[in-house]
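Here's the structure we're looking at; comments come further down.
Hydrogens, waters and symmetry mates play no part in the numbers below; they use all other heavy atoms, side chains included.
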Amino acid sequence: MSSSDEFELLRIEGIRKTFPGVVALDSVDFDLRRGEVHVLLGENGAGKSTLIKMLSGAYTPDEGRITVGGEQVRIHGAQDAEKLGIATIYQEFNLVPDLTVAENIFLGRQPRRFGLIDRKKMETDAEALLARVGVNVSPRARVRELGIARLQMVEIAKALSLDARVLIMDEPTAVLTSEEVDKLFAIVRALREDGVGVVFITHHLEEIAALGDRVTVIRDGRSVGQVPASTPEDELVRLMVGRSIEQQYPRERPDDAGGAGGALLKVEGLTRDGVFQDVSFEVRAGEVVGIAGLVGAGRTEVVRAVFGADPYDKGSVEVAGAALARHDVNAAMAAGIGLVPEDRKGQGLVLDQSVEENLGLVTLRAATRGGFVDRKGQHAAAERIAAQLGVRMAGLGQHVRTLSGGNQQKVVIGKWLLADIKVLILDEPTRGIDVGAKVEIYQLINELTAAGHAVLMISSDLPEVLGMSDRVLVMAQGRIAGELDAADATQDSVMALAVSTTPTTDESEARRGH
């Protein structure tokens with residue numbers, strides 16, 4: 001046995017997996033050694049999720065073999081994976097909203113005393129795990145009360161509770177701030193020192209060299225190369241998408257086409273007590289306005305209020321000069337506002353419906369006459385937009401649930417393109433999406449603004465905000481802390497505003513009043 005074999009935790013050889021009409025994986029090879037971070041890289045739809053679902057027991061391979069610790073195994077479910085020392089943290093959280101944090105961490109494995117659940121020990125052990133991942137949350141808190149970043153940390157604590165030898169992390173940094181990413185990386189490095197093998201999936205190429213040891217690239221269901229984590233990013237992109245991407249942020253600014261037009265969206269003094277205060281801004285035709293800020297700054301809450309999904313106490317919203325009724329999604333849609341939400345699966349899609357049905361959600365009412373839906377027209381429109389966006393699917397009848405994350409996001413955006421929108425609000429539009437699909441979405445943003453639409457974009461990815469915005473609004477503590485022109489904005493200047501904590505005089509008086 002070679003020295004590398006002695007340290008080998010896991011090996012996958014010649015794995016093939018097919019679904020009706022789709023070859024998801026075709027002769028994929030992969031191995032993981034003790035004490036290493038092995039990055040699994042590929043476009044959305046390349047087969048990464050299918051591969052990790054076979055390791056976690058959700059799918060079984062049609063061909064090929066999996067060995068753990070040198071012995072061939074068959075993984076028929078989550079319990080088999082757990083017995084083999086394999087834990088998976090999925091990109092989409094696997095938590096029960098109405099249970100507490102502690103109950104979720106030890107679900108199915110609760111400590112017992114005299115045959116009853118030992119709640120005190122469970123909560124004490126959960127508290128220790130939460131401290132290990134550096135998150136300040138009570139083990140007695142209900143999961144539904146937590147924000148996305150804290151949910152991710154609870155998932156990590158849950159995986160650590162299994163004491164796994166193989167830890168699979170699917171896009172674990174997608175919802176974390178830079179500070180939280182640093183904490184996560186420290187945890188991963190400590191696990192590596194303890195001999196744990198980590199399979200790390202990310203679309204943030206800069207994370208690969210910072211954390212990884214080796215990279216296996218999957219393209220179109222095949223493993224196309226294994227390279228060191230120090231491989232230059234442009235070479236990784238070429239391996240991943242099969243071509244070079246010359247420009248990562250291909251923004252065509254309005255200055256290049258005669259400047260932006262009149263204000264399509266105008267927000268004045270928008271306030272929701274305890275959430276955001278006195279928020280004012282406008283977005284002009286042909287313009288992309290980015291909203292940056294830390295998690296909890298109130299960015300998502302503001303755009304949901306603008307769209308009518310959430311109420312607000314004071315202020316006004318105008319679309320193309322006309323006042324918009326508050327807390328009325330139908331009125332917002334009728335006025336020409338579209339929202340691509342942060343949580344695409346929970347709020348942007350009907351997962352068990354087809355691609356065609358999801359693409360037609362916004363235009364369904366307009367396509368209905370005398371109680372009958374123009375199905376032929378809806379089908380033709382869905383076919384056109386799916387082709388325009390390059391949605392990778394077996395057909396329009398495929399359930400959206402079975403698409404990759406990037407293709408699901410294209411469907412969420414596509415349904416608004418079929419409607420007559422003036423303003424498109426994008427909340428984290430490229431979260432969990434590979435570099436190739438990102439560029440396609442950026443080009444779509446260019447097409448929208450070139451056609452005279454306005455785009456309001458929230459993103460926690462600072463290079464994306466700077467690269468694709470014409471102006472950047474920075475929020476801190478529920479307020480607009482400042483506005484920067486794209487030509488003057490830098491990551492440092494944005495972060496300086498994002499961490500500003502000095503309240504205005506009015507805010508200080510309001511707080512004393514409460």
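When atom types are taken as modelled, the side chain of Gln226 and the backbone of Arg214 share no donor-acceptor pair closer than 3.5 angstrom. Here the side chain of Asn104 pairs no donor or acceptor atom with the backbone of Leu95 at under 3.5 angstrom. Of the possible polar contacts, one joining the Thr402 side chain to the His399 backbone as a donor-acceptor pair under 3.5 Å is found. Remark: side-chain polar atoms of Gln491 are not paired, donor with acceptor, to backbone N or O of Leu462 under 3.5 angstrom. Remark: side-chain polar atoms of Asn407 are paired, donor with acceptor, to backbone N or O of Arg392 under 3.5 angstrom. Checking side-chain atoms of Gln353 against main-chain N and O of Val350 turns up no donor-acceptor pair under 3.5 Å. Using a distance-only test at 3.5 Å, with no hydrogens or angles considered, no donor-acceptor pair links the side chain of Ser493 to the main chain of Ala489. Judged purely by atom type and a 3.5 angstrom limit, Ser459 uses its side chain to pair as donor or acceptor with the backbone of Asp461. Here the side chain of Asn358 pairs no donor or acceptor atom with the backbone of Val411 at under 3.5 angstrom.
Taking CG of Leu236 as the start and OG of Ser230 as the end, the distance is 9.0 Å to the nearest 0.5 Å. In this structure, CD1 in Ile441 is found 9.5 Å from NZ in Lys438, a value given to the nearest 0.5 Å. Atom CD of Glu282 and atom CD of Glu318 lie 10.0 Å apart (nearest 0.5 Å). Note that the OH atom of Tyr90 and the CG atom of Asp170 stand 8.5 Å from one another [nearest 0.5 Å]. If you take CD on Glu268 and OG on Ser316, they are separated by 5.5 Å, rounding to the nearest 0.5 Å. Distance check, rounded to the nearest 0.5 Å: CD of Gln152 to CD1 of Ile89 gives 6.5 Å.
Ion pairing between Arg272 and Glu301 fails under the 4.0 Å rule for side-chain N and carboxylate O. At a threshold of 4.0 Å, the pair Glu440-Lys410 counts as salt-bridged, since one of the basic side-chain nitrogens sits closer than that to a carboxylate oxygen. In summary, Glu235 and Arg238 engage in a salt bridge, as defined by a charged side-chain N under 4.0 Å from a carboxylate O. With respect to the salt-bridge test (charged N to carboxylate O, under 4.0 angstrom), the residues Arg471 and Glu287 qualify. Taking a cutoff of 4.0 Å between a charged side-chain nitrogen and a carboxylate oxygen, Arg192 and Asp213 qualify as a salt bridge.
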With side-chain hydrogen bond (donor to acceptor under 3.5 Å, both in side chains) as the test, would you mind laying out the steps for Glu207 and Thr202 before giving the verdict? CA-CA 8 Å; Glu207 295 176 354; Thr202 183; 2.8 Å; yes
Determine whether Thr300 and Asp427 satisfy the following criterion, side-chain hydrogen bond (donor to acceptor under 3.5 Å, both in side chains), listing intermediate values before the conclusion. CA-CA 7 Å; Thr300 293; Asp427 193 352; 2.8 Å; yes
Checking side chain to side chain contact (heavy atoms under 4.5 Å, CB included) for the pair Arg401/Asp352: CA distance, chi angles, key distance, verdict? CA-CA 6 Å; Arg401 182 186 296 279; Asp352 290 322; 2.9 Å; yes
For side chain to side chain contact (heavy atoms under 4.5 Å, CB included), just list the numbers for Arg251 and Thr449, CA-CA rounded to whole Å, side-chain angles, deciding distance to a tenth of an Å, and then say yes or no. CA-CA 10 Å; Arg251 175 67 184 137; Thr449 54; 2.9 Å; yes
Checking Leu130 against Met153 for the side chain to side chain contact (heavy atoms under 4.5 Å, CB included) test, could you report, in this order, the C-alpha distance in whole Å, the side-chain angles of both residues, the deciding distance, and whether it holds? CA-CA 8 Å; Leu130 294 166; Met153 289 304 188; over 6 Å; no
Dump the intermediate steps for side-chain hydrogen bond (donor to acceptor under 3.5 Å, both in side chains) on Glu428 and Ser460, then the final yes or no. CA-CA 7 Å; Glu428 304 289 0; Ser460 299; 2.6 Å; yes
Verdict with supporting geometry, Glu464 and Tyr442, side-chain hydrogen bond (donor to acceptor under 3.5 Å, both in side chains): CA-CA 10 Å; Glu464 177 174 81; Tyr442 298 152; 2.5 Å; yes
Yes or no on side chain to side chain contact (heavy atoms under 4.5 Å, CB included) for Glu383 and Leu396, after CA distance, side-chain angles and deciding distance? CA-CA 7 Å; Glu383 203 167 48; Leu396 287 173; 4.0 Å; yes
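Contact between Ile52 and Ile168 at its shortest, heavy atoms only, is CG2-CG2, 3.6 Å.
Using bins of under 30°, 30° to 60° and over 60° for the plane-to-plane angle, the ring pair Trp416/Phe307 lands in the perpendicular bin.
Considering only heavy atoms from C-beta on, Ile156 stays 4.5 Å or farther from Arg132 through its side chain.
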